[in-house]
Structure formats: structure tokens, C-alpha cells
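This report refers to the structure that appears directly beneath it.
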Amino acid sequence: MLPLSVFIITFNEADRLPVALAALGDLSDDVIVVDSGSDDGTQELARKAGAKVIEHPFPGYGPQKRFAEMQCRHPWLLNLDADEVISSELRSEIASLFCDGEPPAFAYEIAIHEVFPGEDEPHPLGYALTPVRLYRRDKGSYNPSPVHDRVDLAPGTKVSRLKGRISHISVRSLGHQLEKLNSYTDAQVLDLEARGIKVMTARVFLEFPGAFLKAYIGRRHFLRGIYGFMTAMNFAFYRYLRIAKAWERRRLREKGIKPK
């Protein structure tokens, strides 16, 4: 087996996690699922798939993923979310990295392509994020921020990019997406406040149209038809809501009112 652990954080992912775990095949003998109190059977499904399940209250994205890193046995780590499915090409590519011993780089970026409801595969020209998801644990660790989901690497760490992809099945429905983004903005606003970042009033007016153009044009959602348009609108509303909530909290504090 490869010297590779896979870790996934979950909360009520019974409908999506089994697909993500099945796609791993025999890539790792150490698959860790850290669950923050699911009540839909996520834990039992993970155990049936061969994963080790650990219960841990959710302290934020970064801290939870750091906790998950600590539960892994191997020197190499692959992080996935419960709604992310690796392709067979990516699975084979990762395995091939270890054919001659240690991989040539210490961290690897992987393209993550969003799959909208009703799509079987990501759009071939669709936008993809390319974060580091495969890395040596002595060269990097997840940022401790509760909202910023990224791996911080040691200075000088050699990074390469894999050709295989991850399908991100993130949206159950538009309503689910808005519910998720609304909750996420609450955490982001607290993070902005903790870091002393003040939101300019002008952004309340400019954030929505700017974010819509970023998603619809910059991230090429216009290629995805009506659903692409609706998803770009949701993204813009999410970005606006973060700014509006931050501005509201600041104004209330200036008036001596404690924000709820």
C-alpha cells in the first residue's frame, strides 16, 4: 500500500460520502472520516466503506482539518471534502507517483471542477480551482483559520500539479446552496472582525455586480446555460451578504449596540 492517508471532514453527508469513498478504491489503507455530529447515518456508511470514523465537534474548517491531519498514520496526506469524487485517472496518477519511491515534489495541486445538478460530468471548459490537496505532512498543514480552507506550505516547498481531476458535487439544490452560503458568511464576518478588517461602505453597492461578473464571465458560468446564470447569481448574493453583514455589525457597534 502507498504511504498515503486520506482524510475527509463530514456533517450529514450520507447522500454524497459513499460515492467519494468508493472512488478511492484501494488507493489508501488509512482513510479517516472526522464527523461533527451527523444524524443521517454518515458515520455508519463511512465505517461500512472501510473508513475510520472519529467524532469531533466542529471548530471551523481549518482547525477541523488540522485535527484530521493529526489522526492520519502516513507521511503523505490527501484531503477531500465529502462532496468531491476523484477520477479514475487521478487515482492512477497518484499511485504512479510512488512507483519509484518518493514523489518528485512535496505538494501537488489538483484541479477541482464543479458539477451542477443534472450534470454527469464537469463542463470541459468550465472553471476549476487548483488548490494543494496532496502533500507531505512535514511540508505543510491546513491554515488554522475557521473560514480559509487552504494548505500552508513550508518556504521553498516544491509544488507540482497533477493532470487528473476532482469532481465537486457541491450543490444539492439552489436552496441548499443559499442555506450553506448564508451560514458560511456568518463565519466569514466574524473572521473579518477578528482580523480587524473594516469593510468600505462603497462595497455594499459594488460587491453584487462585481461578483456576478466574476462568476458569470471570469469563471465561465455562462457556458453552463440557465443553471450557470442562477449559480452566478447565488455567488454574487453570497459575496454581497458577507459585505452587508460586516457593514451592519460595524454600524451597530458604532452605535453601542451589541450585534446578535
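FYI, the numbering just counts along the sequence from 1.
- Within 6.0 Å of CZ in Arg251 there are 12 or fewer heavy atoms belonging to other residues, nucleotides or ligands.
- Salt-bridge formation is not detected for the pair Glu89/Arg165: no Lys NZ or Arg NE/NH1/NH2 atom is positioned less than 4.0 Å from an Asp or Glu carboxylate oxygen.
- Across every non-hydrogen atom of Tyr142 and Gly62, the tightest pair is CB-O, 4.2 Å.
- Using a cut-off of 4.0 Å between Lys/Arg side-chain N and Asp/Glu carboxylate O, Glu69 and Lys65 are scored as not salt-bridged.
- Leu78 contributes atom CG, which lies 12.0 Å from atom CZ of Arg91 (distance to the nearest 0.5 angstrom).
- A heavy-atom distance below 4.5 Å is found between the side chains of Asp191 and His148.
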Please test Lys180 against Asn234 for side chain to side chain donor-acceptor pair (under 3.5 Å), starting from the C-alpha separation and ending with a verdict.
-> CA-CA 11 Å; Lys180 179 180 176 180; Asn234 269 8; over 6 Å; no
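- Taking all atoms of both residues into account, the shortest heavy-atom contact from Cys72 to Ile32 is SG-CG1, 4.1 Å.
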Are Lys139 and Lys158 close enough, and set up right, to give a side-chain contact (heavy atoms from CB on, under 4.5 Å), and what steps lead you there?
-> CA-CA 9 Å; Lys139 296 295 183 179; Lys158 183 179 179 180; over 6 Å; no
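- At least one side-chain heavy atom of Pro3 sits under 4.5 Å from a side-chain heavy atom of Phe98.
- Grouping the Ile, Leu, Val, Met, Phe, Trp and Tyr side chains by contacts below 4.5 angstrom, directly or via other members, places Val189 apart from Val204.
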Going through the checks in order, is the side-chain contact (heavy atoms from CB on, under 4.5 Å) test met by Ile94 and Leu90?
-> CA-CA 6 Å; Ile94 292 174; Leu90 177 60; 4.0 Å; yes
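- By the 6.0 Å contact criterion, CD1 on Ile257 is enclosed, its count of non-hydrogen atoms from other residues, nucleotides or ligands being greater than 12.
- Between the side chains of Lys245 and Thr185, at least one donor N or O sits under 3.5 Å from an acceptor N or O.
- Electrostatic pairing of Glu114 and Arg219 does not count as a salt bridge here, judged by no charged N lying under 4.0 Å from a carboxylate O.
- Taking the side chain as every heavy atom from C-beta outward, Gln64 and Pro59 approach each other to under 4.5 Å.
- With values rounded to the nearest 0.5 angstrom, Asn182 atom CG is found 14.0 Å from Arg242 atom CZ.
- Residues His123 and His113 fail the side-chain proximity criterion, which asks for heavy atoms closer than 4.5 Å.
- Taking CZ from Phe106 and CG from Asp138, the interatomic distance works out to 7.5 Å, rounded to the nearest 0.5 Å.
- Side-chain atoms of Ile86 and Leu27, non-hydrogen and from C-beta on, do get closer than 4.5 Å to each other.
- In this structure a side-chain-to-backbone donor-acceptor pair under 3.5 Å is missing from Tyr216 to Ala211.
- Side chain of Thr231 to main chain of Tyr227: a donor-acceptor pair is present (N/O by atom type, distance under 3.5 Å, no hydrogens or angles).
- Residues Val6 and Leu24 form a side-chain contact, since some pair of their non-hydrogen atoms from C-beta on lies under 4.5 Å apart.
- Between Lys52 and Asp30 there is no salt bridge, since no side-chain N of the basic residue sits under 4.0 Å from a carboxylate O of the acidic one.
- Salt bridge present: Arg16 and Glu13 bring a charged side-chain N and a carboxylate O closer than 4.0 Å.
- Rounding to the nearest 0.5 Å places OG of Ser183 at 10.5 Å from CD of Gln188.
- In this structure a side-chain-to-backbone donor-acceptor pair under 3.5 Å is present from Ser28 to Leu4.
- The only option from Phe237, Phe229, Tyr238 that meets the ring pair (Phe, Tyr, Trp, His ring centres under 6.0 Å) definition with Phe212 turns out to be Phe229.
- In this model, a donor atom of one side chain and an acceptor atom of the other lie less than 3.5 Å apart for Thr130 and Arg161.
- Under the 4.5 Å side-chain heavy-atom criterion for Ile, Leu, Val, Met, Phe, Trp and Tyr, Leu45 and Ile8 are members of distinct hydrophobic clusters.
- Between the side chain of Tyr135 and the backbone N or O of Val132, no donor-acceptor pair lies under 3.5 Å.
- Taken to the nearest 0.5 Å, the CD atom of Glu207 stands 9.0 Å off from the NZ atom of Lys214.
- A salt bridge links Arg249 with Glu193: the distance from a Lys NZ or Arg NE/NH1/NH2 to an Asp or Glu carboxylate oxygen falls below 4.0 Å.
- Under a hydrophobic clustering in which Ile, Leu, Val, Met, Phe, Trp and Tyr are joined whenever their side-chain heavy atoms come within less than 4.5 Å, directly or via other members, Ile110 and Leu77 fall into different clusters.
- Taking the six-membered ring for Trp and the full ring otherwise, the centers of Phe235 and Tyr240 sit at least 6.0 Å from each other.
- In summary, Glu84 and Arg133 engage in a salt bridge, as defined by a charged side-chain N under 4.0 Å from a carboxylate O.
- Looking only at distances, a side-chain donor or acceptor of Ser145 sits under 3.5 Å from a matching main-chain atom of Val147.
- In this structure, the ring of Phe205 has its center no less than 6.0 angstrom from the ring center of Phe208.
- Qualifying side chain to side chain contact (heavy atoms under 4.5 Å, CB included) partners for Phe67, counting only residues two or more places apart in sequence or in other chains: Val34, Ile54, His56, Gln71.
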Candidate pair Val85 and Ile166, rule side-chain contact (heavy atoms from CB on, under 4.5 Å), full reasoning = CA-CA 5 Å; Val85 181; Ile166 295 172; 5.9 Å; no
May I have the step-by-step check of side-chain contact (heavy atoms from CB on, under 4.5 Å) for Leu2 and Leu97, ending in yes or no?
-> CA-CA 10 Å; Leu2 305 181; Leu97 288 175; over 6 Å; no
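- Residues Phe116 and His221 place their aromatic rings such that the two centres sit under 6.0 Å apart.
- The hydrophobic cluster containing Leu134 does not contain Val151, counting ILVMFWY residues as joined when their side-chain heavy atoms lie under 4.5 angstrom apart, directly or transitively.
- Closest approach of Asp39 to Asn12, counting heavy atoms only: N-OD1, 2.8 Å.
- Between Trp247 and Thr201, the side chains place a donor N or O and an acceptor N or O closer than 3.5 Å (distance only, hydrogens not considered).
- Between Ala105 and Ser160, the shortest heavy-atom contact is CB-CB, 3.9 Å.
- Minimum heavy-atom separation, Leu21 to Ala46: CD1-CA, 3.9 Å.
- Thr42 and Asp35 form no side-chain donor-acceptor contact under 3.5 Å, judged by distance and modelled atom types alone.
- Checking side-chain atoms of Ser92 against main-chain N and O of Ser88 turns up a donor-acceptor pair under 3.5 Å.
- With a 4.5 Å cut-off on side-chain heavy atoms, Tyr108 and Pro103 count as touching.
- The neighbour count for Met1 CE, taken as heavy atoms of other residues, nucleotides or ligands under 6.0 Å away, is above 12.
- Between Ile217 and Phe222, the shortest heavy-atom contact is O-CE2, 3.9 Å.
- The pair Asp83-Arg172 does not count as a salt bridge, with every side-chain nitrogen at least 4.0 angstrom from each carboxylate oxygen.
- The closest side-chain heavy-atom distance from Tyr127 to Leu129 is below 4.5 Å.
- A donor-acceptor pair under 3.5 Å is absent between the side-chain atoms of Glu109 and the main chain of Pro131, judged by distance alone.
- By the rule that hydrophobic residues join a cluster once side-chain heavy atoms approach within less than 4.5 Å of another member, Val19 and Val33 end up as members of separate clusters.
- Here the side chain of Arg137 pairs a donor or acceptor atom with the backbone of His74 at under 3.5 angstrom.
- With a 6.0 Å radius and a threshold of 12 heavy atoms from other residues, nucleotides or ligands, Glu179 has its CD atom at or below the threshold.
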